[in-house]
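The sequence lines fix the lettering, A, B, ..., with proteins before strands; numbering per chain opens at 1.
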Protein chains: 2
Amino acid sequence: MNDAATGRLPRYGNRPTMKDVAARAGVGLKTVSRVVNGEPGVTQDTERRVQEAITALGFRRNDSARVLRKGRTSSVGLVLEDLADPFYAPLNRAVEEVARAHGALLINGSSAEDPERERELALAFCARRVDGLIVIPAGHDHRYLEPEIAAGVATVFVDRPAGGIAADAVLSDSHGGARAGVAHLIAHGHRRIGFIGDRPRIHTAGERLRGYRTAMADAGLPVSDAWVSLGPTTPERVRAEAERMLTGEHPVTAFFTGNNRVTVTILRVIARLPHPVALVGFDDLELADLLSPGVTVVAQDAARLGRNAAELLFHRLDGAEEAPRRVELPTRLIVRGSGELPPAER
Amino acid sequence: MNDAATGRLPRYGNRPTMKDVAARAGVGLKTVSRVVNGEPGVTQDTERRVQEAITALGFRRNDSARVLRKGRTSSVGLVLEDLADPFYAPLNRAVEEVARAHGALLINGSSAEDPERERELALAFCARRVDGLIVIPAGHDHRYLEPEIAAGVATVFVDRPAGGIAADAVLSDSHGGARAGVAHLIAHGHRRIGFIGDRPRIHTAGERLRGYRTAMADAGLPVSDAWVSLGPTTPERVRAEAERMLTGEHPVTAFFTGNNRVTVTILRVIARLPHPVALVGFDDLELADLLSPGVTVVAQDAARLGRNAAELLFHRLDGAEEAPRRVELPTRLIVRGSGELPPAER
DNA sequence: TCCGGGCTTGACAACGTTGTCCAGGCCCTA
DNA sequence: TAGGGCCTGGACAACGTTGTCAAGCCCGGA
């Protein structure tokens with residue numbers, strides 16, 4: 001009927017605009033804008049008429065137009081590795097809560113550990129003109145973000161540092177955490193410890209391996225190449241590597257696993273063995289305390305990572321111009337038993 | 001320098017526009033637009049000059065302006081309960097993948113089970129002019145979406161149906177799943193079975209309770225009010241209710257839990273008891289197979305829920321105008337042992 | 001040589017909103 | 001009663017992009 005009256009085509013998705021509301025309420029365009037935005041300078045009576053027109057037409061402000069005019073979107077983008085990974089989910093949620101507290105909307109997406117996809121996502125967010133960007137890097141070269149950062153897009157990296165540019169980063173102490181976890185195994189008598197981690201190009205994977213080597217060196221223990229394996233965290237690969245390390249001339253008596261996905265797979269491998277094998281894993285797991293023995297882990301506080309990163313981001317958005325900051329959060333060794341199994345005699 | 005040249009104020013966040021690119025490349029505005037969008041009708045030489053200007057200025061198209069002009073945003077919104085809930089995470093991810101396959105960006109947000117927040121989020125997405133909306137309802141009244149739907153925002157509800165409006169919905173068979181799970185307990189000799197679920201205003205909580213009652217009635221078993229508890233899924237409440245049901249004159253010998261969070265808490269309660277208590281839970285858990293006994297669950301395929309909902313959404317966006325559809329996906333009883341414990345004699 | 005057609009290019013309006021600025025009406029005071 | 005100030009309301013431009021349309025160019029054929 002509105003369309004018939006105006007003679008416009010009933011284009012699908014055609015929505016009433018402030019102009020339509022103004023016409024119906026018999027007021028000017030700017031008055032509608034004032035009412036919609038709760039600005040002062042409108043009498044109660046006028047406001048009521050406008051509100052009625054808004055309800056009658058089902059008007060909703062078009063934020064694209066608003067953004068275009070105002071220049072700020074009140075939104076931030078988050079590029080992470082996998083929305084569904086139980087480690088990143090709390091991080092995501094924490095970022096969301098901080099954004100909400102600052103009146104900003106969060107847009108997020110999964111890079112699936114693919115640098116090209118990370119880039120696409122980050123740039124798509126920039127095209128939407130997010131005010132800020134939080135990135136869990138999949139790639140090592142972030143120079144593609146330079147024009148964006150120069151143009152004023154605040155950017156914070158989490159979990160892994162940026163490559164090729166100076167930027168804020170909020171990280172966990174992967175090296176120290178892994179070192180403590182491996183030291184725990186050594187303290188319980190283990191001498192041949194296997195390390196299974198993520199692909200070597202992932203920063204945290206390298207740092208955790210470095211922590212493993214440091215702990216072994218601290219104890220004066222040799223490390224055989226056969227005990228170290230970095231690569232994709234697919235169950236198939238992890239299982240095969242574990243089984244390889246458990247056989248042969250110098251089988252390992254304990255595992256240190258580089259992240260939650262590896263830990264889960266190793267738990268399944270261990271469960272089927274006739275003899276117990278010790279394990280300490282990086283990242284906590286939901287039911288780790290209920291297994292027997294409980295799984296000893298090096299826990300990161302994912303929510304805190306996200307919260308810190310988001311707060312740093314909004315700090316920057318508030319105008320802080322200091323040099324890029326690098327925050328490193330401590331990890332926590334949670335001892336539950338699986339690291340205390342004595343090495344089986346062989 | 002650009003600012004000095006144009007005399008404009010160096011507003012923070014000022015970005016080059018197509019106009020700037022055009023000026024630098026010595027071409028018209030529309031030609032830049034053509035290059036940026038890969039439209040035909042530009043000579044190689046011109047294209048090269050434009051590309052150079054784009055790179056030199058660090059230009060990136062402003063999608064807000066584009067959306068304003070084109071009317072479609074190529075984005076969809078997803079309102080869910082909690083980004084960090086392990087049940088919803090795969091659903092989220094599945095929606096993301098389908099959206100990506102259709103060239104759309106996903107915006108999501110957590111309602112935290114608060115109807116008001118659900119409404120705020122959904123309407124914020126609409127203000128951003130998402131093409132479509134996928135909602136996991138927190139509230140029961142979705143009439144607030146009527147103007148949006150009338151204006152052409154395709155809308156699909158997942159996990160729980162809409163209230164007050166006719167709309168597409170993709171659900172799990174909560175009633176049938178709970179019935180099968182409880183029947184499994186009954187088949188193993190249990191007669192006094194406790195049901196602990198989520199708040200009664202949540203649709204799935206009610207359906208699962210109904211399934212419990214159906215299974216009990218099928219077997220001709222009475223249900224005491226003391227064995228049924230719906231409410232918040234906080235560990236404190238769940239623990240208290242469980243302990244109450246385990247004591248008194250007619251203690252339960254098994255639990256059926258209404259969702260993954262309740263199951264986790266009950267597992268912790270059970271683990272400390274001197275005698276075994278049987279359990280079947282709704283929703284699968286990551287390490288359920290590694291506990292002893294393994295946790296028997298009624299599993300939903302969360303990823304499939306999300307995938308189906310998203311595909312239905314894009315089907316609508318492609319112009320399908322049929323009557324609202326209600327899809328109900330089957331659940332699967334995964335028997336792992338915890339449901340087969342015989343009732344302790346008392 | 002002239003004309004028609006195809007190709008490349010650019011001028012201009014429009015998308016829906018908000019900021020600026022001005023006009024008109026009211027009330028208050030001298 | 002006139003003048004001044006305040007309050008309300010509206011006209012208009014601008015944000016950065018894309019669709020429309022027409023102009024200019026070059027080429028081949030008559």
Side-chain angles (χ1 to χ4, degrees), chain A residues 6 8-9 11-51 53-54 57-74 126-129 151-152, chain B residues 2 6 8-9 11-50 53-54 57-74 126-129 151-152:
Chain A
T6 61
R8 255 184 301 158
L9 280 179
R11 183 160 53 94
Y12 187 72
N14 211 358
R15 303 197 56 141
T17 71
M18 286 193 179
K19 209 164 151 187
D20 300 323
V21 175
R24 176 158 182 138
V27 302
L29 190 53
K30 181 65 206 194
T31 302
V32 177
S33 173
R34 273 192 269 261
V35 172
V36 169
N37 294 297
E39 288 170 21
V42 181
T43 55
Q44 284 216 339
D45 183 57
T46 309
E47 166 154 12
R48 192 183 41 73
R49 287 213 321 280
V50 171
Q51 287 292 6
I54 288 176
L57 295 176
F59 168 80
R60 180 156 318 279
R61 182 178 63 198
N62 184 331
D63 274 357
S64 295
R66 169 169 230 251
V67 158
L68 179 59
R69 190 73 228 297
K70 302 205 77 145
R72 287 254 138 171
T73 56
S74 294
C126 290
R128 302 258 161 162
R129 292 294 185 270
Chain B
N2 188 28
T6 61
R8 255 183 301 160
L9 280 178
R11 183 158 54 94
Y12 186 71
N14 211 358
R15 304 197 56 143
T17 70
M18 285 193 179
K19 208 164 151 184
D20 301 323
V21 175
R24 175 157 184 138
V27 301
L29 189 53
K30 181 64 204 193
T31 300
V32 177
S33 172
R34 274 191 268 261
V35 171
V36 169
N37 294 294
E39 288 171 21
V42 181
T43 56
Q44 285 215 340
D45 183 59
T46 309
E47 167 154 10
R48 193 185 40 72
R49 288 214 320 280
V50 172
I54 288 176
L57 295 175
F59 167 81
R60 182 157 314 281
R61 182 180 63 199
N62 184 331
D63 274 357
S64 294
R66 168 170 233 253
V67 158
L68 179 59
R69 192 76 223 309
K70 303 206 74 147
R72 287 252 139 170
T73 56
S74 295
C126 289
R128 303 258 161 161
R129 293 293 186 270

Specify the separation, in whole Å, of atom CG of A/D20 and atom C1' of C/dT17. 13 Å
To the nearest angstrom, how far is B/L68 atom CG from C/dA13 atom C1'? 13 Å
Atom CG of A/L29 and atom P of D/dA13 are separated, to the nearest Å, by 13 Å
Of the residues in residues 36-46 of chain B, which ones touch DNA chain C at a heavy-atom distance under 4.0 Å? B/G41, B/V42, B/T43, B/T46
Looking only at heavy atoms, which two atoms of B/V21 and B/V32 are closest? And how far apart? CG1-CG1, 3.8 Å
Measure from the side-chain N and O atoms of A/R129 to the backbone N and O of A/C126, and report whether any donor-acceptor pair falls under 3.5 Å. yes
Between A/R49 and A/D45, is there a salt bridge with N-O shorter than 4.0 Å? yes
In whole angstroms, how far is the P atom of D/dC12 from the NZ atom of A/K19? 12 Å
B/K30 has a side chain; which of C/dG16, D/dT20, D/dT17 sits nearest to it? D/dT20
Within less than 4.0 Å of OP1 or OP2 of D/dA14, is there a side-chain N or O belonging to A/R69? no
In terms of heavy-atom contacts, A/R128 and B/S74 come closest through NH2-O, 3.8 Å
Touch check for B/V67, heavy atoms < 4.0 angstrom, all strands: base, sugar-phosphate only, or nothing? nothing
Search all heavy atoms of A/V35 against all heavy atoms of A/E47 and return the closest pair with its distance. CG2-CA, 4.2 Å
Out of C/dT18, C/dG10, D/dT17, minimum distance to the side chain of A/R66 belongs to C/dT18
Determine: side-chain N/O of A/S33 to OP1/OP2 of C/dT17, distance under 4.0 Å, yes or no. no
Please report, rounded to the nearest Å, how far the C1' atom of C/dT17 is from the CG atom of B/N62. 14 Å
Nearest-angstrom distance from the residue atom CZ of A/R129 to C1' of D/dT17: 11 Å
Verify side-chain contact (heavy atoms from CB on, under 4.5 Å) between B/R15 and B/N62, making sure each step is shown before the conclusion. CA-CA 9 Å; B/R15 304 197 56 143; B/N62 184 331; over 6 Å; no
note: A/M18, atom CE; D/dC12, atom P; distance rounded to Å ~ 19 Å
Want to settle it: does A/F59 or B/T31 sit nearer the 5' end of DNA chain C, counting the closest nucleotide to each? B/T31
Rounded to the nearest Å, what distance is computed from the CD1 atom of residue B/I54 to the C1' atom of nucleotide D/dG16? 14 Å
Side-chain touch A/L29/A/S33, heavy atoms, less than 4.5 angstrom: no
Phosphate OP1/OP2 of D/dG19 contacted by B/K70 side-chain N/O (<4.0 Å): yes
When B/E47 and A/D63 are each assigned the nearest nucleotide of DNA chain C, the 5'-most assignment goes to B/E47
Which part of the nucleic acid, if any, lies within contact of B/R34, taking any heavy atom under 4.0 Å across all strands shown: a base, the sugar-phosphate backbone alone, or nothing? base
Do A/R66 and A/N37 pass the side-chain contact (heavy atoms from CB on, under 4.5 Å) test, and can you show the C-alpha distance, the side-chain angles, and the key distance before you say yes or no? CA-CA 11 Å; A/R66 169 169 230 251; A/N37 294 297; 3.2 Å; yes
Counting side-chain heavy atoms from CB outward, which of D/dG16, C/dG10, C/dT17 is closest to A/R61? C/dT17
